Amino acid sequence: MTDTIFGQIARGEMEADIVYEDDLAVAFRDLNPQAPVHVLVIPRESMVDLNDAPEVEAATLGHLLQVCATVAKQEGLAEDGYRVVANTGDNGGQTVNHLHLHVLGGRAMLWPPG
Ligand code: AMP
């Protein structure tokens, strides 16, 4: 498994602006925010992207969505709404090969995405 900057954040080896963490997941602010609130939710366990999902504990994947909801509530996004995105592979625009969910909010999102 290739190590990544997110793996280093998950192991506490690299600084990040962490807004939530527990045994399974870490959530931190994106360095290059695309919305007033832009948080990344990652599993501590190393997995490249959603293509790995069938081999991963379903509870871990479900937990990541629960963390997105916790972060959204914490950041005051729950009432007005927000977007959760998992860019996957080249066509998905993924640039870091450690599964991450983007939680974006604080403005109205456009559809379709670019
Ligand atoms: P993606 O393009 O879906 O792979 O998203 C990767 C995201 O990680 C981008 O939005 C980057 O701005 C963000 N990013 C890269 N390095 C860091 C970092 N060290 N801390 C926080 N966010 C980062």
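Note that the coordinates shown come from a computational prediction; the quantities given were computed from them, not determined experimentally. Only heavy atoms go into these numbers, but all of them, side chains included; no hydrogens, no water, no symmetry mates. First listed ligand is number 1; within each ligand, the first listed atom is number 1. Counting from 1, the numbers follow the sequence of the chain as shown.
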Evaluate the criterion salt bridge (charged side-chain N to carboxylate O under 4.0 Å, His left out) for residue pair K73 and E79; output intermediate values, then yes/no.
CA-CA 8 Å; K73 188 172 181 191; E79 192 173 330; over 6 Å; no
- Would you check, one step at a time, whether the test side-chain contact (heavy atoms from CB on, under 4.5 Å) holds for L24 with V67? CA-CA 10 Å; L24 295 176; V67 171; over 6 Å; no
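Counting heavy atoms under 4.0 Å from ligand 1, residue L40 touches it through the side chain alone. With a 4.0 Å heavy-atom cut-off, ligand 1 is reached by no atom of M14. If you look at Q34 next to ligand 1, there are no close heavy atoms at all, none under 4.0 Å. Within the 4.0 Å heavy-atom criterion, both parts of N32, backbone and side chain, lie near ligand 1.
The structure places CG of L40 at 8.0 Å from CD1 of I9, a figure rounded to the nearest 0.5 Å. The distance from atom NE2 of H98 to atom CD1 of I5, rounded to the nearest 0.5 Å, is 12.0 Å. The CG atom of L77 sits 12.0 Å away from the CZ atom of R107 when rounded to the nearest 0.5 Å.
Cluster note: L104 groups with V85, M109 through ILVMFWY side-chain heavy atoms spaced under 4.5 Å, whether in direct contact or through intervening members.
Under the 4.5 Å side-chain heavy-atom criterion for ILVMFWY residues, no single connected hydrophobic cluster contains both I18 and V37.
Looking from atom 22 (N) of ligand 1 to the surrounding protein, the closest heavy atom is L31 N, 3.1 Å. Of the protein's non-hydrogen atoms, the one nearest atom 1 (P) of ligand 1 is H100 NE2, 3.1 Å. Among all non-hydrogen protein atoms, the one lying nearest atom 12 (O) of ligand 1 is D30 OD1, 2.5 Å. The protein heavy-atom contact nearest to atom 8 (O) of ligand 1 is F6 CZ, 3.3 Å.
In terms of polar-atom proximity, F28 is not counted as a contact of ligand 1, lacking any N or O under 3.5 Å from an N or O of the ligand. Taking only nitrogen or oxygen atoms, main chain and side chain alike, Q94 does not reach within less than 3.5 Å of ligand 1. Between H38 and ligand 1, no N or O atom pair is found at a separation short of 3.5 Å.
Judged by distance alone, the side chain of T88 and the main-chain N or O of A86 form a donor-acceptor pair under 3.5 Å.
Between F28 and I42 there is a side-chain heavy-atom pair separated by less than 4.5 Å.
Aromatic ring pairs are classed by plane angle as parallel below 30°, tilted from 30° to 60° and perpendicular above 60°; the pair H102 and H38 is tilted.
Here is the list of ligand 1 atoms found below 4.0 Å of a heavy atom in R29: 21 (C). Remark: ligand 1 atoms within the under-4.0 Å shell around heavy atoms of V96 are 4 (O), 6 (C).
Summarising the contacts of atom 2 (O) of ligand 1 with T95, I5, T4, the nearest heavy atom is found in T95.
Proximity of A16 to ligand 1 is not established, as no heavy-atom distance is less than 4.0 Å.
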